[in-house]
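Numbering of ligands and ligand atoms starts at 1, following listing order. Residues take their numbers from the sequence shown, with the count starting at 1. All values below come from the heavy atoms of this structure, side chains included, with hydrogens, waters and symmetry mates left out. On a predicted model such as this, the values are computed, not experimentally measured, just so you know.
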Amino acid sequence: MKISEYFFYTSKEAPASAEIASHKLMLQAGFVAQSSSGIYTWLPLGLKVLNKVANIIRDEQAKQGIIEILMPTIQSANLWLESNRYDSYGAELLRFKDRRGQEMLYGPTNEEMMTDIFRKYVKTYKDLPKIIHHIQWKFRDEIRPRFGVMRGREFLMEDAYSFDLSFEEAKRTYDKIFKMYIKIFKRMGLTPIPVQADSGAIGGNMSHEFQILADTGESTLYYDKEILNITDENDFLKIKDLYAVTDEKYDPAQAKGKVLSSSRGIEVGHIFYFGTKYTESMHAKVIGKDGNSLYPFMGSYGIGVSRLVGAIIEAFHDEKGMIWPIPVAPFDVALIELASKSDEVQAFTEELYSDLMNNNIDVIYDDRKNVSNGSKFNDMDLIGIPFQIIIGNKYATDKTVEVKVRKTGERIDFNSKEALLKYLSSELNKN
Ligand code: 5CA
């Protein structure tokens, strides 16, 4: 993508109203634009990251046999009257009437709608277990939307719902999703800490919040250091038995004898087991093995997709801007053409641009003519593309191009295009 043809608008300064790094940087770098309180437009760079985050989640769910559907954003109030949540959900629920006077709402979560779909189609134990998920916009009329996409009113959530025939099987499903969530967050370069949690408005008695470590997080975590040492996927479930809580649940007596770390965290996911709460209230029964009907045991599992974009920035940035982990970066490589009077430099840059694309490297090419070299450097640091290829005087004099690694600041010279492409392909495929 050539910047001259893109939708690329950065600002020199972060807006004064933004309080935390991710909010400041997302506005300054043109990743999102505020539309109204807690409601944002995703501009092209932000949308690319949002889609990458969503696709990692999709990919891991598919690997576990979890099936994707897409439920609407607007729901009928009738379903929520059945589950008895219509009134109890309170002021966060955006309620309205359609032209026929039917009471509707903008979904803040989908337990009711999922149970309704389940009861329409699934009638027998032979069809269970089932886990179904979707990625859809939610609305919660938060009393204090803040920190940009971190606590929005409209936000993108991935939510999964499971149906099992017994408590034991439901617990196995819970554990399977627990492990999958750890894998999902690790694929984004994050360090997830699952903490024991309350289930709040969702209801139920088994629940974990997934916090990711970030110095600017809203929660304070106390956790067994051993959690950080568990890196083999087969061992992820062991993390469940290790001590990890947010500060309001911290109890020195329980933590006795353990080597604890304390860090700040951001909640990026939340999983719940709540048994037959919705299947009973909404009469969603299946015929069991013995011919008697039974209420399936449910859990629900949510990831804040749009919040993750902010959370990843909180975890990875410096005074110059964002530092994207490769799997979620808006582009793999930034190609920076410095002001040059030489046609040869320009021709080489164009050629390299094509070569990068032909090698499936997603490149943003700063071909702007009316922008200073300094501003180009600042902009590419700000948007945090993992690798910058700088083509300027060194190419004119000795055919050398420079790569700057955004994360480390390391600079590497290349004097052949082949060596450069080989280096980039191997670095980009490490993950
Ligand atoms: N039904 C369950 C799981 S599907 C549920 O709604 N869980 S939740 O309330 O914990 O939300 C799931 C995740 O969505 C949270 O962990 C958080 O990462 C994200 N989230 C919740 N509220 C907001 C918000 N106002 N802005 C951005 N993300 C949010």
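Near Val149, with a cut-off below 4.0 Å to any heavy atom, the atoms of ligand 1 are 27 (C). Atoms of ligand 1 found under 4.0 Å from any heavy atom of His270, numbered from 1 in the order shown, are 10 (O), 16 (O). Close contacts of ligand 1 with Glu111, meaning ligand atoms under 4.0 Å from a residue heavy atom, involve 1 (N), 2 (C). Remark: ligand 1 atoms within the under-4.0 Å shell around heavy atoms of Ser300 are 1 (N), 2 (C), 3 (C), 4 (S). Proximity to Asp159 (heavy-atom distance under 4.0 Å) selects the following atoms of ligand 1: 4 (S).
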Test log, rule side-chain contact (heavy atoms from CB on, under 4.5 Å), inputs Glu226 and Tyr243: CA-CA 9 Å; Glu226 183 54 26; Tyr243 189 78; over 6 Å; no
Ser372 vs Ser375, side chain to side chain donor-acceptor pair (under 3.5 Å): CA-CA, chis, key distance, verdict: CA-CA 5 Å; Ser372 72; Ser375 298; 3.0 Å; yes
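The proximity of Val268 to ligand 1, defined as any non-hydrogen pair under 4.0 Å, is limited to the backbone. At a heavy-atom distance under 4.0 Å, only backbone atoms of Tyr301 (N, CA, C or O) approach ligand 1. Only the side chain of Arg307 comes within contact range of ligand 1, with a heavy atom under 4.0 Å; no backbone atom does. Counting heavy atoms under 4.0 Å from ligand 1, residue Glu209 does not touch it at all. In Glu267, the parts holding a heavy atom less than 4.0 Å from any atom of ligand 1 are both the side chain and the backbone. In Lys138, neither the side chain nor the backbone holds a heavy atom less than 4.0 Å from any atom of ligand 1. In Leu308, neither the side chain nor the backbone holds a heavy atom less than 4.0 Å from any atom of ligand 1.
Heavy-atom distances between Ser306 and ligand 1 stay at or above 4.0 Å for every pair. Taking 4.0 Å as the cut-off, Ile271 does not count as a neighbour of ligand 1 on heavy-atom distance.
The aromatic rings of Tyr301 and Tyr181 sit perpendicular, their planes meeting at an angle over 60°, well past the 30° parallel limit. A parallel orientation is assigned to the rings of Phe31 and Trp324, their planes being inclined by less than 30° (bins at 30° and 60°). Using the six-membered ring where Trp is involved, Trp80 and Tyr89 have ring planes that are perpendicular, over 60° apart on the 30 and 60° scheme.
Heavy-atom proximity to atom 3 (C) of ligand 1, evaluated over Gly302, Gly304, Gly148, Gly299, is greatest for Gly302. Closest to atom 21 (C) of ligand 1 by heavy atom, among His133, Arg146, Met157, Arg140, is Arg140.
Tyr161 and Thr115 are not linked by any side-chain donor-acceptor pair at a separation below 3.5 angstrom, with hydrogens and angles left out of the test. Residues Arg85 and Tyr278 bring a donor and an acceptor atom of their side chains to less than 3.5 Å of each other.
With respect to the salt-bridge test (charged N to carboxylate O, under 4.0 angstrom), the residues Asp362 and Lys48 qualify. Using a cutoff of 4.0 Å between basic side-chain nitrogens and carboxylate oxygens, Glu19 and Arg146 are not scored as salt-bridged.
Leu221 is listed as a side-chain neighbour of Thr246, based on a closest heavy-atom distance under 4.5 Å.
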